[in-house]
Amino acid sequence: MYPIENKARSILSLDGMWDFKLPEGSEGREDAWIRDFPKDGESLYVPASYNDQREDGRYRSYRGRAYYHRSVTVPSIYEGQRLFLRFDAVAHDAWIYINGELLIAHRGGFLPFEAEITERIRTGTPFSVVVVCDNTIDHSTLPVGNEEGTAFFGSDNAQVPAVAEAKKLRGNVNLPNFDFFNYCGINRHVRIISKPVEFISGLTLVPVLQDGLKSAEIQYRIQVDGKADRGLPEVALSDREGNIVARGTGFEGRLRIDRPRLWEPYPGDPYLYSVTVTYGEDEYTEQTGLRSVRTEGTRLLINDRPFYFKGFGKHEDFYIGGRGVNELLNTKDINLLHWIHANSFRTSHYPYAEEMIRLCDREGIVVIDEAPAVGINGGPSVNPYETYPLKDYHKQVLKEMIERDKNHPCIVMWSLGNEPDTENFPESAYEYWRELYGLAHELDPQDRPVTLVCCQNDYTRDKVTRTMDVVCINRYYGWYNLSGDMKAAALAWNIELDFWEKQGKPVMVTEYGCDAIQGLHGTNGEMFTEEFQAEYYRILDAEFDKRDFLMGEHCWAFADFGTLQGVMRPDGNKKGVFTRERRPKLSAHFLRERWEKIPNFDYK
Ligand code: GCB
């Protein structure tokens, strides 16, 4: 549950300066650091990725375990409370030690974990927290790293003998099989949360709209923790003004609402109610919205009306902090989405910080929530489904993601992953993704639509994409192929769209785009110019408008972002419609004009 403060709970933030150390070589002394952290550690800021905080290339190229330390004292006034240490995200794998003893280990860099420390510490007495985090990416991690060969867009030509030899000798390096920088460390907030001895440990909310949206109920389920029986929980539902509009008692129940105010995407009113649960001494409040979501024919319906997605794939990425949670930047991004008349984004390619999802609830931005499953692709000769040990872990990540985000009204669809191989091994792909599809439906109390984002491939061989609730396609006609030839690109799009039209499914474009270097201009549609990017969208959007079954367009990408260096990536990926510092490129003005004319509902 997201940490909150109220009369029963409080939060001690552990954000700020931590001691930090990267192992020097192969001395193997690091185990001792867990008990006795070296005094010569560097100072680094948390929450943020460690990679760009110091002028040391090793911080960017490092592969392996990194060590953080901090001394903490919980004030004595907390005596008698239960205390939990929560990490919102540590990339990628983490081991947390309290006074030299392992408290908890966690796999995966984008989801929260917490453990009770009440019995491990004494209030009023300093204790040490050591975080060991490992940024290794390989065939067993999500996102996936390559174990041999080159990174995504790498430039190592192994046919040159000297290159092949040098690669063997260079030792362990991280080779991302994905196109964003592998920013690592304690990327999100760290907090100690105090809770009463008996406390509320789970809350599930399912809005059900009835009677042609004229009435509604919220079904709720509550879990508690603690030895003593504190009776039945009480539940109160308040409207935006704070008036209680429904009450309930018990671990499960329904809150009925007459004349409900619905949660609507901006510029509609993203109306939020508050659900407050009391149990013994404890109290927990969560905001929630009333909205329905389902697919029907070639449409995705929000509140029973066909929604048209206008927006982007994004990244959590910024100067210096890397993938560190950045609420100031999130606020700016949401306002840029409003400015450009976008209504949605996908959390490509991992679940974003909880603060961002909460902001989207409030601001009426529709979200496709994506699991960090990117890079499940080994080329024509490697069947990743047989050789990458991922499935159980992938299930675990899905479980954690849906558990974290299940109550948010802004989330209307789950994405199981991005651009896996579905073409070289279509049967294996089908088996793998269909099982996860079933699991996501099972796990989600709101039973939202489920998708898997499919890549530029021979779509006729792909068997699984068409079985998802929504077909999501990433395509780069006019850029990676038919480069610069927008006439041919429009033709290729139409050939492919004819195919998808026949599937009778809702289809949306989750990525299309091209690099544009800020300030580079031309008069003849030259690639990489701002004019080319604007023209690319103008030409392709005109084709999309002719297709009634297409239910959305997400440009790639919202803003320029950092990647591993390589000859295809001059200072990162430049497909942003905004620059990395959030200045609009020419295409932003085109999209703003276009999207102003496209309503959220009934466009198609
Ligand atoms: C894609 C990927 C995205 C890349 C993008 C690109 O298909 O999903 O992660 O950044 O293409 O720019 O090549």
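Just follow the structure's listing: the first ligand is 1, and inside any ligand the first atom is 1.
- Neither the backbone nor the side chain of V374 has any atom closer than 4.0 Å to an atom of ligand 1 (non-hydrogen atoms only).
- For a threshold of 3.5 Å applied to N or O pairs, the pair formed by K575 and ligand 1 contains at least one separation below that value.
- There is no side-chain donor-acceptor pair under 3.5 Å between N474 and W556.
- Of all non-hydrogen atoms in Y350 and F180, the two that sit nearest each other are CE2-CE1, 3.9 Å.
- For the residue pair H349 and D179, no side-chain donor N or O sits within less than 3.5 Å of a side-chain acceptor on the partner.
- Distances from ligand 1 to the non-hydrogen atoms of R475 include no value under 4.0 Å.
- Residues satisfying the side-chain hydrogen bond (donor to acceptor under 3.5 Å, both in side chains) test with H589, not counting sequence neighbours, are none.
- The shell of residues lying under 4.0 angstrom from ligand 1, judged by heavy atoms, excludes F180.
- Residue contacts with ligand 1, taken as heavy atom pairs separated by less than 4.0 Å, do not involve F178 at all.
- At a heavy-atom cutoff of 4.0 Å, ligand 1 is contacted by no atom of W479, backbone or side chain.
- For ligand 1, the atoms lying closer than 4.0 Å to a non-hydrogen atom of E419 are 1 (C), 2 (C), 7 (O), 8 (O).
- At a heavy-atom cutoff of 4.0 Å, ligand 1 is contacted by the side chain of R569 but not by its backbone.
- Because its NZ or CZ atom is not both nearer than 6.0 Å to the ring centre of F549 and within 45° of the ring axis, R547 does not count as a cation-pi partner of that residue.
- For R594 and Y537, the positive end is not near the middle of the six-membered ring at less than 6.0 Å and at most 45° from its axis.
- Legend: residues meeting side-chain hydrogen bond (donor to acceptor under 3.5 Å, both in side chains) with D93, ordered by chain and number and at least two apart, are absent.
- Side-chain polar atoms of Y352 and N330 form no donor-acceptor pair below 3.5 angstrom.
- Set against the non-hydrogen atoms of N474, the atoms of ligand 1 under 4.0 Å away are 8 (O).
- The H349 neighbourhood of ligand 1 comprises atoms 3 (C), 8 (O), 9 (O), with distances under 4.0 Å to a heavy atom of that residue.
- Contact analysis puts Y480 in contact with ligand 1, with a non-hydrogen atom separation below 4.0 angstrom.
- Counting heavy atoms closer than 4.0 Å to ligand 1, residue N573 contributes side-chain atoms (C-beta onward) but none from N, CA, C or O.
- Taking a cut-off of under 4.0 Å to the non-hydrogen atoms of F561, the atoms of ligand 1 that pass are 10 (O).
- Remark: R60 qualifies as a cation-pi partner of F181 under the 6.0 Å distance and 45° angle criteria applied to the six-membered ring.
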